[in-house]
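Accompanying notes for the structure given below.
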Amino acid sequence: MSTCEKNLKEPLRPAFPVGQVNEENPRTKKTIELLNFQSHVEGGYFVETDRDQLRIPNPFESKRKEEGQDSTRNASTTIHYLITQKSPQGSFHRNLGRTVHTLHSGRGRYILLHPQEGKKARIETFVVGHDIAKGEKLQWIVDGGIFKASYLLPDKGGSSSDGLLISETVVPGFEFSDHDFMTPEILSEWATEEQAKELSWLIRKE
């Protein structure tokens, strides 16, 4: 049984472990080529498709006082994001901005850690996919300050996948200065010992 989700009979574990596949299949290669994807530091692949030229005041300026930090942000940014059998997971990270996710194809599982003052985080997990009758999500929103991770699941009725392809729109627009990765120390603060053990494989390896 999962220590993170009482309705799951098995612990959260990768369907496609990192390093198990050395080369993308031809269909996935074609998708990467046609959409001009590049490797993402979180895992998987991405391409920025829009950066709104409207500039708005940076709402995070007081949260992270860094030298040279811009006082404005693009109103929004949008990317395509892809995880594959070769690069099957997006490591735990959080953004200060709000992110709207929209599914295009494939299936995957998301894990969100919602901060709770004076308590361990509330853990939420769900499957994204096209089987809405089974509760799979076509769209999901992650507010700023929430840690999220994702991993690839097999296509419905099979044991392989052509990848999980989504779009993400960040409001206000994404900047790396508004982003950070989960560390083992943060995970131990946010989760119980048992939960941290179950989720540790989703922490980015340096």
Side-chain angles (χ1 to χ4, degrees), residues 1-32 35 37-47 79-94 99 101-114 121-142 146-168 181-182 184 187 190-192 194-206:
M1 176 178 278
S2 172
T3 63
C4 301
E5 171 54 69
K6 63 182 180 180
N7 294 323
L8 293 178
K9 296 180 180 178
E10 299 289 337
L12 296 169
R13 57 169 66 105
F16 303 99
V18 173
Q20 189 177 66
V21 173
N22 296 318
E23 187 175 1
E24 304 292 5
N25 70 45
R27 290 182 299 276
T28 302
K29 279 184 178 179
K30 195 67 175 176
T31 299
I32 292 170
L35 294 179
F37 276 114
Q38 56 185 298
S39 296
H40 200 302
V41 67
E42 295 163 4
Y45 305 88
F46 84 105
V47 60
I79 65 169
H80 288 321
Y81 181 66
L82 174 71
I83 52 177
T84 67
Q85 288 190 195
K86 183 181 177 184
S87 190
Q89 66 191 54
S91 302
F92 269 122
H93 63 282
R94 64 181 165 183
T99 306
H101 306 71
T102 303
L103 176 70
H104 297 299
S105 61
R107 298 176 69 244
R109 180 174 289 279
Y110 271 72
I111 302 101
L112 309 183
L113 270 63
H114 299 260
R122 177 175 66 85
I123 299 177
E124 177 186 9
T125 179
F126 51 84
V127 172
V128 303
H130 290 280
D131 194 346
I132 56 176
K134 294 279 183 68
E136 295 181 356
K137 292 180 181 286
L138 300 174
Q139 187 181 78
W140 57 104
I141 297 169
V142 179
I146 294 172
F147 275 105
K148 67 175 179 179
S150 58
Y151 62 94
L152 186 65
L153 294 176
D155 292 333
K156 206 71 178 176
S159 59
S160 64
S161 171
D162 288 335
L164 171 65
L165 176 62
I166 68 170
S167 288
E168 297 184 11
F181 284 105
M182 174 78 78
L187 183 57
W190 284 50
T192 66
E194 294 79 10
Q195 290 169 339
K197 185 176 180 181
E198 184 174 345
L199 297 173
S200 62
W201 60 278
L202 286 164
I203 292 178
R204 177 174 175 256
K205 306 297 187 291
E206 296 294 337

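On a predicted model such as this, the values are computed, not experimentally measured, just so you know. No hydrogens, no waters, no symmetry mates; every other heavy atom, side chains included, goes into these values.
Using bins of under 30°, 30° to 60° and over 60° for the plane-to-plane angle, the ring pair H101/W140 lands in the parallel bin.
The two residues G43 and S87 have their closest heavy-atom pair at C-OG, 3.8 Å. Looking at every heavy atom in both residues, A196 comes nearest to A191 through N-CB, 4.0 Å.
Looking at S200, its side chain does come within 3.5 Å of a backbone N or O of K197 through a donor-acceptor pair. Within the 3.5 Å criterion, the main-chain N or O of D131 finds a donor-acceptor partner in the side chain of E136. Checking side-chain atoms of Q85 against main-chain N and O of S161 turns up a donor-acceptor pair under 3.5 Å. Using a distance-only test at 3.5 Å, with no hydrogens or angles considered, no donor-acceptor pair links the side chain of H130 to the main chain of R107. Side-chain atoms of D155 do not come within 3.5 Å of backbone N or O of G158 as any donor-acceptor pair.
V47 places none of its side-chain heavy atoms less than 4.5 Å from the side chain of Q38. Residues Y151 and L12 meet the side-chain proximity criterion, which asks for heavy atoms closer than 4.5 Å. The side-chain heavy atoms of L113 and I146, taken from C-beta on, include no pair separated by under 4.5 Å. Annotation: side chain of F181 is in contact with side chain of V41 (closest heavy-atom distance under 4.5 Å). Side-chain contact between L103 and K137 is absent, with no heavy atoms from C-beta onward closer than 4.5 Å. Side-chain contact between E124 and I111 is absent, with no heavy-atom pair separated by less than 4.5 Å. L82 has its side chain within reach of I32: a pair of non-hydrogen atoms, C-beta onward, lies under 4.5 Å apart. Using a 4.5 Å heavy-atom threshold, the side chains of S39 and F46 count as separate.
With hydrogens and angles left out, the side-chain atoms of E198 and T3 include a donor and acceptor closer than 3.5 Å. For the residue pair E10/S2, the side-chain donor-acceptor check at 3.5 Å is not satisfied. T125 and R109 form a side-chain donor-acceptor contact under 3.5 Å, judged by distance and modelled atom types alone. For the residue pair E42/S91, the side-chain donor-acceptor check at 3.5 Å is not satisfied.
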Can you check side chain to side chain contact (heavy atoms under 4.5 Å, CB included) on L202 and Q89, steps first, answer last? CA-CA 8 Å; L202 286 164; Q89 66 191 54; 4.1 Å; yes
Which is it for T102 and I166 under the side chain to side chain contact (heavy atoms under 4.5 Å, CB included) test, yes or no, and what are the steps along the way? CA-CA 5 Å; T102 303; I166 68 170; over 6 Å; no
Quick one: do L165 and F37 satisfy side chain to side chain contact (heavy atoms under 4.5 Å, CB included)? Show the steps, please. CA-CA 11 Å; L165 176 62; F37 276 114; 3.7 Å; yes
Using the rule given for salt bridge (charged side-chain N to carboxylate O under 4.0 Å, His left out), can you reason through K148 versus E168, listing the C-alpha separation, both sets of side-chain angles and the distance that settles it, and then say yes or no? CA-CA 13 Å; K148 67 175 179 179; E168 297 184 11; 3.6 Å; yes
Begin with the C-alpha distance, continue with both residues' side-chain angles, and end with the deciding distance and a verdict on ring pair (Phe, Tyr, Trp, His ring centres under 6.0 Å) for W190 and F92. CA-CA 12 Å; W190 284 50; F92 269 122; 9.4 Å; no
Please determine whether side chain to side chain contact (heavy atoms under 4.5 Å, CB included) holds for the pair I132 and L138, giving the CA-CA distance in whole Å, both sets of side-chain angles, and the decisive distance to 0.1 Å. CA-CA 8 Å; I132 56 176; L138 300 174; 3.7 Å; yes
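Rounding to the nearest 0.5 Å places CD1 of I83 at 5.0 Å from CG of L152. Between the OG atom of S150 and the OH atom of Y81 there is a distance of 5.0 Å, given to the nearest 0.5 Å. Annotation: the span from L35 atom CG to I79 atom CD1 amounts to 12.0 Å, rounded to 0.5 Å. If you take CG on L199 and CE on M182, they are separated by 8.0 Å, rounding to the nearest 0.5 Å. Atom-to-atom distance recorded for N7:CG and M1:CE is 8.5 Å, nearest 0.5 angstrom.
Enclosure of atom NZ in K205 by more than 12 non-hydrogen atoms of other residues, nucleotides or ligands within 6.0 angstrom is indicated.
K86 and E23 are not joined by a salt bridge, as no carboxylate oxygen comes within less than 4.0 angstrom of a charged side-chain nitrogen.
Here the rule is side-chain hydrogen bond (donor to acceptor under 3.5 Å, both in side chains) with Y45, and of H40, E24, H80 only E24 fits it.
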